[in-house]
2 protein chains.
Amino acid sequence: MKQSPLELRHLRTVQALAETGSVSQAAKRLFLTQSALSHQIRLLEEMYGLALFERKTVPLKFSPAGERLLALARTMLAQVAAAERDLARLRQGDAGELRVAVECHTCFDWLMPAMDIFRLHWPAVELDIVSGFHADPVGLLVSGRADLAVVSEAEEQDEVVYLPLFAYEMVLIVARDHPLAGKRVWEAADFADETLISYPVPDAMLDLMRKVLKPAGVTPAARRSSELTVAIIQLVASRRGVAALPFWAVKPYLERGYVVARRIGEKGLISELYAALRSADAELAYARDFVATVRETSFATLPGLSTLDPAGS
Amino acid sequence: MKQSPLELRHLRTVQALAETGSVSQAAKRLFLTQSALSHQIRLLEEMYGLALFERKTVPLKFSPAGERLLALARTMLAQVAAAERDLARLRQGDAGELRVAVECHTCFDWLMPAMDIFRLHWPAVELDIVSGFHADPVGLLVSGRADLAVVSEAEEQDEVVYLPLFAYEMVLIVARDHPLAGKRVWEAADFADETLISYPVPDAMLDLMRKVLKPAGVTPAARRSSELTVAIIQLVASRRGVAALPFWAVKPYLERGYVVARRIGEKGLISELYAALRSADAELAYARDFVATVRETSFATLPGLSTLDPAGS
DNA sequence: TTGTTTCATGAATATTTTTCACCAAGATGA
DNA sequence: TCATCTTGGTGAAAAATATTCATGAAACAA
């Protein structure tokens with residue numbers, strides 16, 4: 001019986017397990033294979049001679065031992081993050097400015113909580129949202145009017161680096177009694193006779209138009225727009241049209257049965273988000289920590305997120 | 001720049017560094033080579049782009065970054081220990097009895113603080129010291145009158161397992177104006193004309209007699225004894241004789257200049273301590289934790305301790 | 001001066017982690 | 001019902017990582 005010591009790696013695994021509810025999802029989150037995690041968990045269980053969770057249920061159910069380790073993981077990983085922030089400040093000071101440009105409406109849902117946390121951690125950094133609507137956030141970046149831009153495509157560009165935030169599925173929402181409500185998967189052609197309700201932004205910035213309808217040469221029969229997500233949901237519920245929204249944004253309404261969600265295309269319409277920084281700022285501790293904070297708070301609170309490879313594929 | 005994550009291993013290193021004050025001592029404490037630690041520290045420093053301590057001074061001096069990591073290490077390792085105790089309780093319950101038999105007088109110096117901590121951690125375990133003096137603590141163990149015995153030799157025996165506690169140097173103490181006070185190292189022959197002051201126990205249990213004088217066939221000119229360490233020091237200071245005591249027990253008196261300490265034999269007289277358990281109790285969580293607690297509190301508070309190989313060589 | 005101790009470093013080695021290539025068991029859907 | 005997917009587990013192979021070995025340089029003591 002070889003007694004290998006507990007490492008933070010194990011705690012990161014336990015936390016990922018709790019957040020994703022399954023071994024394979026946790027593996028994706030940690031950029032490991034499911035097999036690697038399976039081995040790691042077995043070792044961890046042997047180490048204490050205790051089962052950590054039941055695997056037969058979904059989401060997996062932690063045993064008392066698992067719960068205890070999870071509690072340890074939560075406090076420990078938070079402390080490590082705090083210490084690493086202190087070290088970063090020690091290295092390059094704690095003051096600075098971070099002007100964030102955002103191009104998507106729903107982004108504010110996760111941006112606000114993340115900003116609150118960030119302000120606690122970096123009180124000396126001036127954090128601002130670049131106000132107004134901007135068609136070209138990266139332009140703001142290179143022209144020096146913003147320091148960090150949230151974008152949905154990582155287009156290779158000099159002087160700009162992209163850090164992946166996360167990916168999520170855009171679902172079609174439709175009234176419960178809509179004629180096509182029973183269709184499990186919607187294809188581009190199904191939109192030809194529908195009224196599409198969206199945020200009032202250029203089509204190039206709507207993933208449904210850009211990635212699905214435009215390539216298929218389909219134009220919706222009519223268009224309507226609204227600034228507010230709830231307003232869009234209300235319109236859909238009262239059969240004024242259909243809309244494509246992030247799954248995590250509509251989940252609460254689905255649960256209340258106002259509308260139903262359907263997959264767009266056989267594999268689903270996956271949207272991606274990246275943080276863009278000027279290369280010169282790429283190593284700026286508080287900028288990187290902002291990105292890390294967005295990732296952490298989003299993964300912890302939004303359902304159904306998935307990771308994005310650092311490569312930015 | 002490869003970004004390897006922080007692991008508990010690194011924190012254990014930082015703590016050992018703080019407790020021992022040097023890289024090579026810390027390596028011994030962790031059962032690693034000095035080289036391994038040197039590599040590990042370099043990686044840790046590269047990871048945060050900060051120096052952790054100045055090496056040119058003894059004991060080494062932590063930088064602010066090093067201090068921050070040390071603070072992290074202290075809280076984290078304590079939390080891990082607490083969680084692991086909880087897991088052990090989850091596995092085999094938290095109640096039991098632990099009767100400790102001790103054969104050495106000075107042992108009480110480190111035993112009491114360790115027992116206080118242990119009682120906090122295992123309130124449901126009845127912890128007792130087997131009262132009175134016992135010439136054969138292991139006998140008490142096998143006859144069931146004690147559950148854990150502190151001994152100075154790990155003699156291979158059926159049904160008994162030995163867990164190493166620590167090793168320390170026994171030094172000769174002598175008055176400042178004693179004729180031989182200038183001698184850097186005392187050999188067995190030097191004791192022939194001296195009065196030896198010791199605790200009132202059989203010679204077989206005095207390391208000086210057992211390991212040095214007896215093998216050399218030397219008998220001190222006279223003997224005196226006392227139960228109390230301070231009393232022995234007083235006798236030595238007033239030139240009534242010489243005594244051999246653990247370095248950590250006399251260090252405070254040395255600093256006040258009452259007496260001086262000298263090495264016994266060219267390589268020093270090293271005493272070892274082991275905890276003996278019945279094999280049946282070897283996996284008992286609270287018994288193992290008692291041993292761990294003794295080790296931790298002793299290394300943290302007594303100067304000049306060294307580790308003892310698990311083998312028990 | 002000569003030894004002795006301490007720490008650093010590159011190359012070699014050992015160990016550990018991770019992946020790969022399977023298998024089995026439950027779901028899910030046709 | 002049967003195929004098909006997804007999920008999780010395993011042993012063996014591969015990759016990554018940690019550790020040791022064999023040195024050397026610097027500080028310090030005798």
Side-chain angles (χ1 to χ4, degrees), chain A residues 1-14 16-17 20-47 51-63 66 182-185 262-263 266-268 304 306 309, chain B residues 1-14 16-18 20-47 51-63 66 182-185 263 266-268 304 306 309:
Chain A
M1 178 184 59
K2 176 102 58 42
Q3 173 69 354
S4 79
L6 184 71
E7 287 294 350
L8 287 175
R9 176 162 31 88
H10 300 124
L11 298 181
R12 295 188 238 267
T13 296
V14 170
L17 242 17
T20 61
S22 95
V23 177
S24 24
Q25 285 307 106
K28 279 205 189 73
R29 181 75 64 90
L30 298 167
F31 299 107
L32 289 174
T33 59
Q34 173 273 322
S35 174
L37 237 58
S38 184
H39 284 294
Q40 191 179 102
I41 294 163
R42 184 172 46 73
L43 253 36
L44 195 53
E45 293 187 323
E46 277 172 14
M47 177 161 161
L52 299 184
F53 53 86
E54 294 169 33
R55 296 101 208 275
K56 299 297 159 198
T57 161
V58 49
L60 53 80
K61 189 169 175 308
F62 278 92
S63 70
K183 216 167 183 303
R184 198 176 54 85
V185 173
R262 295 295 173 243
R263 175 156 289 189
E266 194 52 56
K267 319 203 107 178
S306 54
D309 265 347
Chain B
M1 180 183 54
K2 175 109 56 47
Q3 176 68 353
S4 79
L6 185 71
E7 287 295 351
L8 287 174
R9 176 162 33 90
H10 300 123
L11 298 181
R12 295 188 237 267
T13 295
V14 170
L17 242 17
T20 61
S22 95
V23 176
S24 26
Q25 286 306 107
K28 279 206 190 76
R29 180 78 61 91
L30 297 166
F31 299 107
L32 289 173
T33 59
Q34 169 271 323
S35 174
L37 237 60
S38 184
H39 284 293
Q40 189 180 104
I41 294 164
R42 184 172 43 74
L43 253 36
L44 195 54
E45 294 188 322
E46 277 171 15
M47 178 164 162
L52 300 184
F53 53 86
E54 294 170 31
R55 297 103 208 277
K56 299 298 160 198
T57 161
V58 48
L60 53 78
K61 189 172 176 308
F62 277 94
S63 70
K183 217 169 184 299
R184 197 176 54 84
V185 173
R263 174 155 287 188
E266 193 52 57
K267 319 200 110 179
S306 52
D309 266 346

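Order of the sequence lines fixes the chain letters, A, B, ..., with proteins taken first and strands second; residue numbering starts at 1 for each chain. Keep in mind that what you see is a predicted model, and the values were worked out from it rather than measured.
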### Task
Check A:Leu32 against A:Ala36 and note the closest heavy-atom contact, atom names and distance.
CB-CB, 4.3 Å
### Query
Where each residue is assigned the nucleotide of DNA chain C containing its nearest heavy atom, which of A:Thr33 and B:Thr57 is assigned the position nearer the 5′ end?
B:Thr57
### Summary
Whole-Å distance, A:Leu43 CG to C:dT15 P, equals 16 Å
### Query
What are the two closest heavy atoms between A:Arg9 and B:Glu7, and how far apart are they?
N-OE1, 3.1 Å
### Task
Rounded to the nearest angstrom, tell me the gap between atom CG in A:Leu44 and atom P in C:dT16.
16 Å
### Message
Just the rounded figure in Å: distance from P of D:dT17 to CD of B:Glu7.
### Response
11 Å
### Message
If you compare all heavy atoms of B:Phe53 against all heavy atoms of B:Glu45, which two are closest, and at what distance to 0.1 Å?
### Response
N-OE2, 4.0 Å
### Query
Side-chain N or O of A:Gln40 less than 4.0 angstrom from OP1 or OP2 on C:dT17?
no
### Query
Rounded to the Å, how far apart are A:Met47 CE and C:dT17 P?
10 Å
### Query
Rounded to whole angstroms, how far apart are NZ on B:Lys267 and P on C:dT4?
11 Å
### Task
Tell me, yes or no, whether the heavy-atom count around B:Lys183 atom NZ, taken from other residues, nucleotides or ligands under 6.0 Å, exceeds 12.
yes
### Query
How close or far is atom C1' of C:dG29 from atom CZ of A:Arg263, stated in whole angstroms?
15 Å
### Query
Starting at CG of A:Leu32 and ending at P of D:dA14, how long is that distance when rounded to a whole Å?
20 Å
Please set out all donor-acceptor pairs under 3.5 angstrom arising from side-chain atoms of residues 23-30 of chain B, sequence neighbours excluded.
unit_1: B:Gln25; atom_1: OE1; unit_2: B:Lys28; atom_2: NZ; d: 3.4
unit_1: B:Arg29; atom_1: NH1; unit_2: B:Glu19; atom_2: OE1; d: 3.0

### Query
When you check every protein heavy atom under 4.0 Å of nucleotides 3-11 of chain D, what one-letter string (B, S, -) results, 5' to 3'?
----SBBBB
### Any B:Gln40 side-chain heavy atom under 4.5 Å of B:His10 side chain
yes
### Task
Using whole Å, report how far CZ of A:Arg9 lies from C1' of D:dA16.
12 Å
